[in-house]
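Structure first, then comments.
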Amino acid sequence: MQAFTKTAPGVGNMAVGEVPVPTPGPGEALVRIAQSGMCGTEILVHDDLYRGRKRPMPFPLIVGHEASGELVELGPGTEGPKPGTRVGIEALSGCGRCFHCMRGNYNLCPDWHHIGLTRPGALAEFLVVPASSLFPLPEEVSFESAAFLEPLATVVHTLERTKPAPGQPAAIIGPGALGLLHLQILQSAGLCPIVVFGRRGDEKRLELARTLGADAAIVADRKEAQEHAASFTDGVGMGLVIEAAGSPEAVQTALDIVGGKGTMVTLGIVRSTEIDALTVMRKDLTWLGVVASVRRHFAEAIRLIRTGKVRPERLITHRMRLADALSGVSVLRRCEAVKIMFTPGA
Ligand SMILES: [Zn+2]
Ligand SMILES: [Zn+2]
């Protein structure tokens, strides 16, 4: 089968090539991938910037973790849906034994497995995952929208943590897929106005944000973002700020534009930046980190798609052949795309 693989450690070393179709072991399932999205994580893996948890990244490694497909077969002695069932795929699984797993928070498991990072990923024609990672899809949920379940589940997780209120002004920094999924879900939660901030080069993605119904979508540096945030809120500042850009400047901007008693969420992958702790204290802030998701977030994400409250497929800006996956990484890096969707096997 065709697969997009990180062949060795270091910068680059990625290629699309032929690999054997995997065989599911006990407790596992083989899925034929129908739709598979590319994510900023693949840029980090390409650039050798991704740093995992306890479990090292194996090489060669098939990347990709946002996919949907059709169940082909279950491993020996494994219970699960019938072959032929259309499924969404949970990307991570915990050890099942540690403190966090015991409490159902296996997104924090230090020994986690994550497809495309610690085990073979989904930018391939076939994928083997634990049978417990499968979510049968209702008829109304297309393969395309189901390929967004993994990032959408993270967005559901953000809402669970922040408990935003209708009428609360919100800002999203970073008009990528994660940012624009937040836009859709915050709209359906009744927040307003919702302002999306981007950098120079983000113009196309900001245009999509406006099409999706953002009250404003603006190219702004730190100072300009602060002025805009003030003008949208009579100087009070944003009630909720989602940092989904992954740059140190974005974290600083979030801290600038969040208002007193506000909530600020960091989701982008930023290693470190200097934070003015006095501002955190004086604004009486709630500052949250949100990482990945667990099963209940998937179930809710499926409901959001099924009822049309969120339409993630509108974020697809590019469709590519799996053979062109490496050029997909470049397109994503240039911020031209929100979501690149692949149809393996086509
Ligand atoms: Zn992702
Ligand atoms: Zn665990």
Side-chain angles (χ1 to χ4, degrees), residues 39-41 43-44 49-55 65-66 90-94 98-101 103-114 117-118 150-165 168 170-183 185-186 189 191 196-197 222 225 237-298 300-301:
C39 156
T41 306
I43 301 177
L44 296 179
L49 293 175
Y50 179 79
R51 296 292 171 264
R53 299 183 186 179
K54 211 161 89 184
R55 203 176 279 276
H65 58 264
E66 304 181 359
E90 190 176 17
L92 71 95
S93 50
C98 72
F99 176 84
H100 295 299
C101 282
R103 291 165 165 241
N105 301 321
Y106 53 90
N107 57 321
L108 295 180
C109 177
D111 199 25
W112 78 348
H113 263 301
H114 196 293
L117 293 173
T118 69
E150 190 271 338
L152 185 56
T154 301
V155 176
V156 170
H157 186 188
T158 308
L159 252 74
E160 181 187 271
R161 298 283 302 284
T162 54
K163 300 183 180 66
Q168 199 177 31
I172 296 160
I173 304 171
L178 207 52
L180 298 189
L181 286 174
H182 275 90
L183 169 62
I185 208 169
L186 293 182
L191 279 82
V196 180
F197 290 114
R222 225 179 124 176
M238 294 291 176
L240 175 64
V241 179
I242 308 288
E243 180 279 311
S247 70
E249 200 198 1
V251 177
Q252 298 294 347
T253 304
L255 191 57
D256 288 342
I257 67 178
V258 67
K261 281 274 176 212
T263 300
M264 153 178 167
V265 183
T266 38
L267 284 158
I269 301 177
V270 181
R271 208 136 279 280
S272 70
T273 182
E274 224 168 83
I275 285 293
D276 179 9
L278 189 62
T279 302
V280 177
M281 186 270 268
R282 285 210 170 135
K283 286 191 177 181
D284 216 349
L285 287 189
T286 304
W287 183 7
L288 294 170
V290 173
V291 64
S293 58
V294 296
R295 293 188 76 79
R296 65 176 179 279
H297 305 128
F298 260 74
E300 288 165 19

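Note that the structure is a prediction, hence the values are computed from the model and not measured.
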* Asked: Would V294 and N105 count as a side-chain contact (heavy atoms from CB on, under 4.5 Å) if you check the C-alpha gap in whole Å, the side-chain angles of each, and the deciding distance to 0.1 Å?
  -> CA-CA 7 Å; V294 296; N105 301 321; 5.5 Å; no

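- A donor-acceptor distance shorter than 3.5 angstrom exists from the side chain of E243 to the backbone of G246, with no hydrogens or angles considered.
- Interatomic distance, CD1 of I275 versus OG1 of T266, reported as 8.5 Å (0.5 Å rounding).
- A pairwise comparison of heavy atoms in L108 and R53 identifies C-NH1, 3.5 Å as the closest pair.
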* **From CA spacing to verdict: side-chain contact (heavy atoms from CB on, under 4.5 Å), T41, H65** => CA-CA 9 Å; T41 306; H65 58 264; 3.7 Å; yes

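- T263 is not listed as a side-chain neighbour of V258, based on a closest heavy-atom distance of 4.5 Å or more.
- Annotation: side chain of R161 is not in contact with side chain of V265 (no heavy-atom distance under 4.5 Å).
- Between E249 and R222, no side-chain nitrogen of the basic residue sits less than 4.0 Å from a carboxylate oxygen of the acidic one, so the salt-bridge criterion is not met.
- F298 is linked by a ring pair (Phe, Tyr, Trp, His ring centres under 6.0 Å) to F135, counting only residues two or more places apart in sequence or in another chain.
- Remark: side-chain polar atoms of K283 are paired, donor with acceptor, to backbone N or O of L255 under 3.5 angstrom.
- For the residue pair C98 and C109, the shortest heavy atom distance occurs at SG-SG, 3.9 Å.
- The two atoms that bring E90 and S293 nearest to each other are OE2-O, 4.4 Å, heavy atoms only.
- Between the side chains of W112 and T118, no donor-acceptor pair of N or O atoms lies under 3.5 Å.
- Put simply, CG on L288 and NE2 on H157 are 9.0 Å apart, with the number rounded to the nearest 0.5 Å.
- Contact of the T162 side chain with the L240 side chain is registered, since non-hydrogen atoms from C-beta on lie closer than 4.5 Å.
- For the pair L49 and I43, the minimum side-chain heavy-atom distance is 4.5 Å or more.
- Counting heavy atoms of neighbouring residues, nucleotides and ligands inside a 6.0 Å radius, atom CZ of R103 does not exceed 12 of them.
- Under a 3.5 Å cut-off, the side chain of E300 and the backbone N or O of H297 do not form any donor-acceptor pair.
- Note: I242 CD1 to I172 CD1 = 6.5 Å, rounded to the nearest 0.5 Å.
- Here the OG atom belonging to S93 is positioned 9.5 Å from the NE2 atom belonging to H114, to the nearest 0.5 angstrom.
- A pairwise comparison of heavy atoms in N107 and L92 identifies CA-CD1, 3.9 Å as the closest pair.
- For the pair V290 and E160, the minimum side-chain heavy-atom distance is 4.5 Å or more.
- In this structure, the separation between CG on D284 and OG1 on T286 is 7.5 Å, given to the nearest 0.5 Å.
- For the pair M264 and V251, the minimum side-chain heavy-atom distance is below 4.5 Å.
- For H182, the side-chain hydrogen bond (donor to acceptor under 3.5 Å, both in side chains) partners are T158, not counting sequence neighbours.
- With contacts defined as side-chain heavy-atom distances shorter than 4.5 Å, the pair L159/P164 qualifies.
- Inspection of the Q252 and T273 side chains reveals an N or O donor paired with an N or O acceptor under 3.5 Å.
- Nearest heavy-atom pair across P175 and V196 is CB-CG1, 4.0 Å.
- Between R55 and H113 the shortest side-chain heavy-atom distance falls below 4.5 Å.
- Taking every heavy atom of both residues into account, I257 and A171 meet most closely at CD1-CB, 3.7 Å.
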